[in-house]
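For reference, the structure is listed below as structure tokens.
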Amino acid sequence: QVRLVESGGGEVQPGGSLRLSCVGSGFFLNYYSIAWFRQVPGKEREGVSCMRRGGGSTLYADSVKGRFTISRDKDRNTFFLQMNDLKPEDTAVYYCAVDPVKGPEPCYIRPTAEDFSYWGQGTQVTVSS
């Protein structure tokens with residue numbers, strides 16, 4: 001079965017950095033488009049970043065461009081979100097997600113949550129003084 005286990009969240013001061021990890025099992029990650037989303041209470045889930053299968057095109061939300069980087073290690077079946085210069089408004093639960101792209105491309109103009117098939121359990125990121 002496809003499973004995603006994510007880790008790396010925590011509490012940091014503004015301007016700090018964190019790296020989130022998402023370890024996949026039961027499938028070959030390189031054949032899947034990948035993404036990171038975040039959500040705060042009372043708001044819709046927001047697409048943060050995504051990368052097409054095979055290490056293709058990469059997209060970022062305007063709010064994180066220049067600060068966050070998505071990457072994957074196909075040999076470890078793991079992908080990452082490096083977050084630098086964190087701001088209080090980055091505080092959220094972060095979710096990793098993947099999709100085999102047998103339907104619509106889920107990483108096209110922006111990552112679309114409805115088109116991603118498998119999800120991690122979420123990890124809390126808190127940015128405060």
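Quick note: residue numbers are just sequence positions, from 1.
- A donor-acceptor pair under 3.5 Å is absent between the side-chain atoms of Tyr94 and the main chain of Gln39, judged by distance alone.
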Donor-acceptor contacts, no H, no angles, side chain residues 14-21, under 3.5 Å, sequence neighbours left out:
{"from": "Ser17", "atom 1": "OG", "to": "Asn84", "atom 2": "OD1", "distance (Å)": "2.9"}

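- Residue Asp85 holds its CG atom at 4.5 Å from NZ of Lys87, rounded to the nearest 0.5 Å.
- Listed by first and then second residue, the disulfide (SG to SG under 2.5 Å) pairs that reach into residues 56-129 are Cys22-Cys96, Cys50-Cys107, sequence neighbours excluded.
- Summarising the geometry of Asp115 relative to Pro104, their closest heavy-atom pair is OD2-CB, 4.1 Å, with the distance given to 0.1 Å.
- In the displayed structure, Gln13 atom CD is contacted under 6.0 Å by at most 12 heavy atoms of other residues, nucleotides or ligands.
- A donor-acceptor pair is defined here as one N or O able to donate and one able to accept, closer than 3.5 Å; such a pair exists between the side chain of Gln121 and the backbone of Glu6.
- Side-chain atoms of Glu46 and Ser63, non-hydrogen and from C-beta on, do get closer than 4.5 Å to each other.
- In the hydrophobic clustering of ILVMFWY residues, with side-chain heavy atoms under 4.5 Å counting as a link, Tyr60 and Met51 come out together.
- The side chain to side chain donor-acceptor pair (under 3.5 Å) analysis of residues 67-77, with sequence neighbours excluded, yields the pairs Arg67-Asp90.
- Side-chain contact check for Gln82 versus Phe68: every heavy-atom pair is 4.5 Å or farther apart.
- Other residues, nucleotides and ligands contribute at most 12 non-hydrogen atoms within 6.0 Å of the CZ atom of Arg110.
- With hydrophobic clusters built from ILVMFWY side chains whose heavy atoms lie under 4.5 angstrom apart, Val2 does not share a cluster with Val23.
- Judged as a side-chain contact (heavy atoms from CB on, under 4.5 Å), and not counting sequence neighbours, the contacts of Ser117 are Asp99, Pro100.
- Follow the hydrophobic side-chain contacts under 4.5 Å out from Tyr95 and you never reach Phe80; the two are in separate clusters.
- A donor-acceptor distance shorter than 3.5 angstrom exists from the side chain of Thr123 to the backbone of Gly9, with no hydrogens or angles considered.
- With sequence neighbours excluded, the residues forming a salt bridge (Lys or Arg N to Asp or Glu O under 4.0 Å) with Lys65 are Asp62, listed by chain and number.
- A distance of 12.0 Å separates CD in Glu11 from CG in Leu86, rounded to the nearest 0.5 Å.
- Within the 4.5 Å cutoff, side-chain heavy atoms of Val98 are placed close to those of Leu4.
- Residue pairs meeting the ring pair (Phe, Tyr, Trp, His ring centres under 6.0 Å) criterion with at least one member in residues 17-54, sequence neighbours excluded, are Phe27-Tyr32, Phe28-Tyr31, Trp36-Phe79, Phe37-Phe116, Phe37-Trp119.
- A distance-only check finds no donor-acceptor pair linking the side chain of Ser49 to the backbone of Ile70 [under 3.5 Å].
- Across all their heavy atoms, Pro106 and Val101 have their closest contact at CD-CG2, 4.0 Å.
- Looking at heavy atoms from C-beta onward, Arg53 lies in side-chain contact with Ser33 at the 4.5 angstrom threshold.
- For the pair Arg38/Val93, no side-chain contact is recorded, criterion being any heavy-atom separation below 4.5 Å from C-beta on.
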